[in-house]
Peer 1: 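Here it is: the structure, laid out below.
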Amino acid sequence: MRVSYSSAALLLNGAFALAQSTNGTRVTCPSTSKFSAIPASKFFAEINPGWNVGNTLDAVETEGSWNNPPVVASTFDDVKKAGFKGIRLPVTWAYHFNSQGPEWKVDEKWLQRVSDVLDLITDRGLYVIVNVHHDSWTWADLTQASTNVTAVEERLAKLWYQIGTKLACKSEKVAFETINEIRGTTAEHGKIVNRLNNIFLQAINDAGGYNPQRVVTLVGVGEDAVKTSQWFERPDAKFKNPWGIQYHYYSPYDYIFQAWGKTTWGSEADKASLEADIAAVRRNFTDIPLIIGEWAASPVATETAARWRYFDFFLRTAAKYNTATILWDNGADFLDRATHQWRDPVALDIYRNAVKGTPNALPDSTTDGSITKQQSSAYIYHKKGTNVNDTILPFHFNGNTLKKITAPNKALTKDKDYKVAGETITFSASFLATILTPTAPTGSLANLTLSFNKGTDLLVNVLRYSTPVLGSTSSALPATSADLLIPITWAGQNRPAAVKAVKSDGTFLVDDWTQNLPELQRGRMTYNGQWNWDGSHIIIKAAVLDAIRAAGKTTRFTIEFYPREEGNSVDYTITV
Ligand SMILES: *[C@@H]1O[C@H](CO)[C@@H](O)[C@H](O)[C@H]1NC(C)=O
Ligand SMILES: *[C@@H]1O[C@H](CO)[C@@H](O)[C@H](O)[C@H]1NC(C)=O
Ligand SMILES: *[C@@H]1O[C@H](CO)[C@@H](O)[C@H](O)[C@H]1NC(C)=O
Ligand SMILES: *[C@@H]1O[C@H](CO)[C@@H](O)[C@H](O)[C@H]1NC(C)=O
Ligand SMILES: *[C@@H]1O[C@H](CO)[C@@H](O)[C@H](O)[C@H]1NC(C)=O
């Protein structure tokens with residue numbers, strides 16, 4: 001049976017007539033299927049905390065194209081075991097259309113794959129949000145002058161009608177999300193996105209089955225907190241779907257993406273700014289369920305103590321403003337899917353406890369970027385060739401009581417191996433000398449586990465380091481730009497902390513404005529976009545070589561390592 005709707009408002013706003021989303025067929029679900037309607041607020045509470053199966057079905061052009069093989073059931077077991085209650089399943093459809101408009105027929109095999117993955121998730125009792133993902137980079141990119149908005153509306157309707165048809169009889173544990181991070185910059189884009197939410201709702205309602213009662217997460221421009229707050233409007237009241245708003249949070253940009261040498265986080269100002277962001281969205285939408293569908297502070301990019309403090313504060317703040325969260329994991333960040341190991345188990349423990357409202361003890365760390373040495377109580381750093389001394393590390397117990405400290409092979413003896421004064425722990429030189437033996441290599445030698453009466457256990461990584469050595473210290477600017485791989489022999493924490501680039505005239509190669517930043521950030525470039533590393537190289541990106549060519553000036557790179565302190569860096573010069 002066909003159910004038709006009309007909406008004067010929509011027809012006035014959009015050139016596209018909503019009735020086109022259906023070919024007239026509505027799914028009737030078999031009596032063996034089950035659906036028990038729930039409000040969006042309950043869905044969001046039930047999926048919290050959630051985990052993104054990132055860079056997988058959303059990969060361009062298809063599953064397996066990026067860094068992850070096709071997802072397997074055991075990954076969802078790993079995620080459930082870690083305490084996550086639901087999954088966001090990003091799916092890119094752009095490369096799975098078998099025909100052009102007006103049908104926009106989606107490959108049945110791809111629809112089946114998505115349906116099968118959803119079943120793997122819900123079979124484990126997990127909730128799931130499925131979406132239209134990197135289509136927002138291609139046919140649905142509103143910022144491209146060539147984009148025909150009417151065509152985007154038509155195609156999104158056809159797409160969601162087919163997804164809605166395929167998934168019509170899935171249980172209430174399956175929710176839909178209009179589209180991921182659709183690009184836009186103007187209020188006009190805001191109006192288009194509001195219309196796309198309505199078109200999406202129309203299409204899934206037309207598809208029938210349980211879809212008219214299904215939870216949906218609607219979006220604003222870019223799924224960005226500010227643009228969503230500015231321009232989001234409620235959907236047409238004729239749709240009866242329980243709905244909430246999904247937005248994403250990767251802020252502050254410099255800390256999360258390791259731009260401009262920002263390796264610290266956690267000052268009062270940092271916290272106030274994060275809370276102001278989350279509070280502002282809640283203040284705008286007091287009666288609407290909210291979910292942050294992507295957020296992360298990746299162990300690949302960020303300093304450990306700062307990251308644990310960020311996890312704790314971000315999650316408590318989200319909870320304070322009744323906002324659910326779903327962690328982004330691109331496959332290289334948190335879960336090593338092949339080995340089933342979590343790369344940062346403490347961060348997960350902080351997550352579980354923060355979501356429950358249990359306080360976590362946390363390491364202290366430098367939050368003041370104007371000093372020149374960065375301290376971190378997640379490590380006992382020992383410089384190779386120096387004495388093994390008593391090491392004093394401050395913590396924030398947050399009301400918890402330290403119960404014991406264990407090394408891999410023994411429990412430490414209080415007042416002999418360590419002493420506690422207030423929230424400061426002193427590890428004795430005699431104990432540390434059992435790990436930091438004269439012949440021990442550089443690198444992580446042991447993790448000490450600090451157990452508290454409640455909340456997360458903390459790890460202190462006993463790590464010996466010396467300054468890494470480069471295979472060469474200079475080269476001429478190559479004639480053509482490709483990424484420059486500089487061989488390096490690592491000796492401690494096998495990654496750089498920051499990379500500074502200064503031209504022969506003393507000015508910075510990129511982002512000259514960083515001269516106004518605190519000392520540890522001046523002249524530093526941005527991780528990934530401008531520099532990177534692997535097991536045996538520092539990588540200077542082609543774009544940086546282009547910048548040297550454009551400037552026509554010999555440039556000196558200072559590659560800094562953890563711990564960030566005077567002298568723990570090496571220089572490399574590219575001459576022109
Ligand atoms: C935009 O797309 C619509 C729907 O496909 C089509 O009717 C219209 O001709 C297109 N406009 C342009 C300028 O191509
Ligand atoms: C309508 O579209 C659905 C989804 O593509 C398809 O399964 C069905 O066969 C179509 N029905 C007709 C009558 O074309
Ligand atoms: C959100 O709040 C801002 C500032 O008060 C306001 O300008 C904006 O219109 C609000 N947006 C919505 C959707 O309520
Ligand atoms: C470690 O102790 C020695 C004396 O045993 C002292 O000379 C040295 O300055 C100390 N190093 C640090 C970093 O405190
Ligand atoms: C200590 O823990 C870190 C982070 O989990 C890990 O990378 C490192 O290998 C561990 N060190 C040892 C000696 O196991």
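Read the numbers this way: they start at 1 and go in the same order the structure lists the ligands and their atoms.
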Peer 1: Under 4.0 Å from any heavy atom of Ala151, which atoms of ligand 1 are there?
Peer 2: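 Matching atoms, with element in brackets: 2 (O).
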Peer 1: Considering heavy atoms of the protein only, find what lies nearest to atom 5 (O) of ligand 5 and give residue, atom and distance to 0.1 Å.
Peer 2: Arg343 O, 3.8 Å
Peer 1: Should we count NZ of Lys384 as having more than 12 external heavy atoms under 6.0 Å?
Peer 2: no
Peer 1: Is there any N or O on Asn284 that sits under 3.5 Å from an N or O of ligand 3?
Peer 2: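 Between Asn284 and ligand 3, an N or O pair is found under 3.5 Å apart.
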Peer 1: Would you please classify the geometry between the Trp265 ring and the Tyr255 ring as parallel, tilted or perpendicular, with 30° and 60° separating the classes?
Peer 2: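 Tilted: the ring planes of Tyr255 and Trp265 meet at 30° to 60°.
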Peer 1: Measure the distances from the heavy atoms of Trp231 to every atom of ligand 3 and state whether one is below 4.0 angstrom.
Peer 2: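 Contact check Trp231 vs ligand 3: negative.
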Peer 1: Please state which part of Ala446 comes within less than 4.0 Å of ligand 5, counting heavy atoms only: side chain, backbone, both or neither.
Peer 2: backbone
Peer 1: Within the structure provided, determine whether Trp328 and Asn55 are in side-chain contact (heavy-atom separation under 4.5 Å).
Peer 2: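 Yes. Closest side-chain heavy atoms under 4.5 Å.
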Peer 1: With a sphere of 6.0 Å drawn around NZ of Lys410, does it hold more than 12 non-hydrogen atoms of other residues, nucleotides or ligands?
Peer 2: yes
Peer 1: Please determine which of Tyr381, Tyr465, Tyr562 meets the side-chain hydrogen bond (donor to acceptor under 3.5 Å, both in side chains) test together with Gln493.
Peer 2: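 Passing option: Tyr381.
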Peer 1: Using a strict 4.0 Å cut-off to heavy atoms of Leu445, name the atoms of ligand 5 that fall inside it.
Peer 2: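 The list of qualifying atoms is 13 (C).
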Peer 1: For Asp344, which part has a heavy atom under 4.0 Å from ligand 5: side chain, backbone, both, or neither?
Peer 2: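 Under 4.0 Å from ligand 5, Asp344 contributes no heavy atoms.
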Peer 1: Who's closest to atom 3 (C) of ligand 5 heavy-atom-wise, of Val460, Asn447, Val462, Leu463?
Peer 2: Asn447
Peer 1: Just checking, is any N or O donor in the side chain of Thr325 or Tyr351 under 3.5 Å from an acceptor N or O on the other one?
Peer 2: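 A pair is found: one side chain offers a donor N or O, the other an acceptor, under 3.5 Å apart.
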Peer 1: If we count only non-hydrogen protein atoms and require a distance under 4.0 Å, does atom 7 (O) of ligand 5 qualify as touching the protein?
Peer 2: no
Peer 1: Where do Lys320 and Glu275 land on the salt bridge (charged side-chain N to carboxylate O under 4.0 Å, His left out) test, with the steps shown first?
Peer 2: CA-CA 9 Å; Lys320 178 173 171 185; Glu275 177 157 6; 2.6 Å; yes
Peer 1: Identify, for atom 2 (O) of ligand 1, the protein heavy atom at the shortest distance, and state residue, atom and that distance.
Peer 2: Asn148 ND2, 2.3 Å
Peer 1: Is atom 11 (N) of ligand 1 close to the protein, meaning a heavy atom under 4.0 Å from it?
Peer 2: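 Under the 4.0 Å cut-off, atom 11 (N) of ligand 1 does have protein heavy-atom neighbours.
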Peer 1: For the side chain of Thr147 and the backbone of Val149, is there at least one donor-acceptor N/O pair under 3.5 Å apart?
Peer 2: no
Peer 1: With distance as the sole test, does Asn387 use its side chain to make a donor-acceptor pair with the main-chain N or O of Asn389 at under 3.5 Å?
Peer 2: no
Peer 1: Provide the number and element of each atom of ligand 3 under 4.0 Å from a heavy atom of Phe232.
Peer 2: 13 (C)
Peer 1: Regarding Arg155 and the six-membered ring of Phe97, is the cationic atom NZ or CZ under 6.0 Å from the ring centre and inside 45° of its axis?
Peer 2: yes
Peer 1: Hey, is ligand 3 close enough to Ser229 that some N/O pair sits below 3.5 Å?
Peer 2: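 Ser229 vs ligand 3: N/O contact under 3.5 Å present.
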Peer 1: For ligand 5, which is the ligand I care about here, please tell me if Ser444 has any N or O atom under 3.5 Å from one of the ligand's N or O atoms.
Peer 2: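 There is such a contact, yes.
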Peer 1: For atom 4 (C) of ligand 1, find the nearest protein heavy atom and state the residue, atom name and distance (0.1 Å precision).
Peer 2: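 That would be Glu154 OE2, 3.1 Å.
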